[in-house]
Structure formats: C-alpha cells, structure tokens
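First up is the structure itself, then whatever we jot down about it.
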There are 2 protein chains.
Amino acid sequence: MAMAQRLSAKDWAREALVVISEGGLGALAVESLARRLGATKGSFYWHFENRAALVAAALERWELTHTEGTIALAESPLPDGGQPSPAEQLRRLLTTVVGYTRHGDLEVALLASADDPQVAPVLRRVTERRIAYVARLYEGLGLAPEDARRSAVLGVSVFLGHLQYARIGTVPPEPTGPEWEDYLELVIRTLMPADTPAGQR
Amino acid sequence: MAMAQRLSAKDWAREALVVISEGGLGALAVESLARRLGATKGSFYWHFENRAALVAAALERWELTHTEGTIALAESPLPDGGQPSPAEQLRRLLTTVVGYTRHGDLEVALLASADDPQVAPVLRRVTERRIAYVARLYEGLGLAPEDARRSAVLGVSVFLGHLQYARIGTVPPEPTGPEWEDYLELVIRTLMPADTPAGQR
DNA sequence: GGCCTTCCATACGGGTGCGTATGGAGAACC
DNA sequence: GGTTCTCCATACGCACCCGTATGGAAGGCC
C-alpha cells in the first residue's frame, strides 16, 4: 500500500480501516499508518485535524459501505432471476451467521471497541438497522409488527452471539462436516415462525 | 481503597479487577493502580514480575470466583426449599440474560478484550463451561445429548448477544414495562423445547 | 518562468506507561 | 540491640504516540 502519489483523505481513511481490521482500533496510530502509506505525519495532519477525525472518517466510510453488505447478500436474486422470498432471505441470513468464523474482519474488530464513544453510536445505528430489516422479513412471514420486532431482536442477538464466538476463537459451531449442518438446521427451525410452510424451512 | 497496611499480591489482583470493570483492560496501568492502593510501583514490582503477571492473576481470580455466579443463581433453592426443575432453571437463566443491562460489569469489560491472548482462553473456558451446563439442563428436559448440546450453543449465543446489546447501550430490550415481559415470554417460548409441559413454560 | 497554492518531510516538545536500580524503613529473629 | 529478610519509595531510562512548527517540494495559473 506504499503510495508514491499524493494522498487524499480517502486514502488515509481506507487504509485506516485495514489497520483496524487487522489489529483493532487501538492499533491505529498516526505514525505507523503514515509509514504504511509511504508518508509521514506531516501529510496526515494536513488532511485531518487529529486522530479522532480520522477515526470518524473511517467509521463513516464503513457505515456507508459495509453496513448493507449482509443484507444485500440476502436479497441477491435467485438462480432463476426471481426475488427470494422472506423465508429464503431469513434462511440465507442465518446460514451466513452460523458460518461466521472469519477473524480479522472489520466488524469483529469494531466489536472490541464497542465502548468507545466514537464507535458505539455507529454500532447502535447498524444494529438497529439490522433489526428493522429482519423485522420486515418476519412481517413478510405473517407476523404482526410488534411480534416481528421482538423476533428480530432475538434473531439479531443470535447473530451477535456468533460474532462473539468467532472472536474468542470458534468455540462451538465449527463449520465442518454434518455436525454443522445439524446445528444450522436447528437454528433455522428455532428462529423460523412456526406457521411457515414446511417447504420453505 | 487506600491501604495503609502492607499489600499482598491478592490485594493487587482484587483491585485490578475493579479497575478492569470500570475502564476495561486497557485502563489497567501499574502506576495508577498503585495510586489507588496508596502505594507506588516499587511495591508492585516486588509482588509481580510485570503487568502481564498481574493480568494473569486477576483473570485467574475472576475465573475462579465469578464464573459460576449465574449458574449458582439458577440453581438456588425454591421458596419452599426444593430444588428447581431444569425448566425452572432455564427460565431463570433466560430472565437474567434478557434483563442484562448492567454496564461496568466485569464480564462486559472482559468481552471488550476478547482478542487479547491472555483473555481469550479464559473466556473460551467459561463459555464452554456454560454451554455444558445449559446442555445438561436440556438433557434434563428430555433432549438427546447431541440435540441438547446444539440447543445450548444456540442459547448461549443469545446470552452473548444480549451482553453485546448491553455494551453498545441497551439497544432494544429495555427492561421496563410490559414490552419487556412480552419479549421475555418470546425468548422463553423460543428456547424452551417444544414438548416441555406448558405449566413450566 | 515567476508566483501562489497545495501538499508533505523533518524536527521538536509533551505526555504516558513500562520496567530497573538502589537505598531505606519495618518487622522478625537471636 | 544488632542483623537479616521482607517490603516499598524515589529516581531514572526507554519506548511509544500525539500534536505543532516550520521550511520546502510539486503542480497549477498567467
């Protein structure tokens, strides 16, 4: 990532996200970041007021881009080109969740700094957005809005729990072999509304 | 906590846990800790090799004491002195989980440093132990060992998810009013095996 | 090609935190 | 009451990181 060219604020923010994903928010130091970009602090402090401004820019960038990544994946068209049903979208989401094991991911790294006053509001918004999305899916499956929201809160908590499993190093659900298939099946059966047609479960 | 008397290694470890619960592992600095105890670094480095040794001692202390706290609460006797049934124990656990909102707790603070090489194994062990305990409850409710383990993994993930909710600041399940009761009821209904007698759900 | 604006390197000061060195107080022991 | 061992305070060196000051190179503009 050594840049010979001049740098923009966007370059700094992008590389900052890489550093965060690798070593967490605490690993984000101005001088080391400058070295990675083949520059020095002098350049940095021309583009940014201070370190906090860089963190804010990086977080904003993350919230804009990666936020809807998982959701977009769930909504991606079927092989026949059709729109996936809510049940199918929920199934995809849960499969992704249970298979989550990637350490070094940005989301996992940010989770570590959830208490940080700059990070917390971002995570709050992202989480709230996800709950709203899952609630819409439950509504599509026939649940009343209040019930759908409650089920979504529970479902997202399972997601966050598995993220935590990934952080402490793949405790239980190793995505290998039939063991994992059985677990995935349990999760889907548990979190799918009872009156969903069996063919969609 | 200013100690006039001489200090023991246990004193340092105990106060270290207080500091961690207040500000996270990163807030644990030797000199500030010494000030809290009315001492200086000179004392500390006589009792401990270095900061890592203090962290290890504090974590060991936490793992020994607080680990089984929640479980002990679930197993505490009924008003009539009898042993609570597995269904009742599971109900208590879930109620505690859903009501979890205390920030500044040690568990929440340690969660932030789950990536730390000293912390991760401790959290792994504690989590594994909890899964084993919940699995035993599910077995008591009639599930086969493999099914019980899978359900326990899912249940503990809900617990970890709610811990995360607490970290980013009580996103959805505010334990106030009937809204919360409804949510708790959903969680219990979802995580309790289907063939549990209705009276115990 | 001179000029001005944009961007960046170097050098410096300050703060924090870890770990070491060394001497000295206080209890214990005889 | 002197010696020895235990415990601790002070002082120092070192590393890291933030932020500022200042001079200078690079590129547009006329």
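Within every chain, numbering begins at 1; the chains are lettered A, B, ... in the order of the sequence lines, protein sequences first and strands thereafter.
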### Message
Rounded to whole Å, how long is the line connecting atom CG of B:Leu33 with atom P of D:dA9?
### Response
13 Å

### Query
Can you check side chain to side chain contact (heavy atoms under 4.5 Å, CB included) on A:Leu191 and A:Leu90, steps first, answer last?
CA-CA 9 Å; A:Leu191 261 41; A:Leu90 191 56; 5.7 Å; no

### Euclidean distance, atom OH of residue A:Tyr45 to atom P of D:dA21 [Å, nearest integer]
13 Å

### Query
Which of these nucleotides, D:dA25, D:dC18, C:dC18, is closest to any side-chain atom of A:Ala29?
D:dC18

### Task
Would you classify A:Leu28 as touching base, sugar-phosphate or nothing, given that sugar-phosphate means primed atoms plus P, OP1 and OP2, and contacts are heavy atoms under 4.0 Å?
sugar-phosphate

### Message
Please identify which of these residues, A:Leu54, A:Val30, A:Val55, meets the side-chain contact (heavy atoms from CB on, under 4.5 Å) condition with A:Phe48.
### Response
A:Leu54

### Task
Would you kindly give the CZ-to-C1' distance between B:Phe48 and C:dG17, to the nearest whole Å?
18 Å

### Message
Around atom CD of B:Gln118, are there more than 12 heavy atoms from other residues, nucleotides or ligands closer than 6.0 Å?
### Response
yes

### Task
Please determine, for the side chain of B:Glu31, which listed nucleotide (C:dA9, C:dT6, C:dG17) has the closest atom?
C:dG17

### Task
Go through C:dC7, D:dC8, C:dT20 for me and flag the one nearest to the B:Arg6 side chain.
D:dC8

### Task
Could you tell me the separation between the CH2 atom of B:Trp46 and the C1' atom of D:dT10, rounded to a whole number of Å?
19 Å

### Check: A:Tyr183 ring centroid to A:His162 ring centroid under 6.0 Å
yes

### Message
From CZ of B:Arg35 over to P of D:dT10, roughly how many Å is that when rounded to an integer?
### Response
13 Å

### Message
Whole angstroms only, please: what is the CH2-C1' distance between A:Trp12 and C:dC7?
### Response
12 Å

### Query
What is the distance from CG of A:Leu7 to P of D:dA26, rounded to the nearest Å?
15 Å

### Query
Tell me: CZ of A:Phe44 to P of D:dT20, nearest whole Å?
11 Å

### Query
Looking at D:dC7, C:dA9, C:dT6, which one has an atom nearest to any side-chain atom of B:His47?
D:dC7

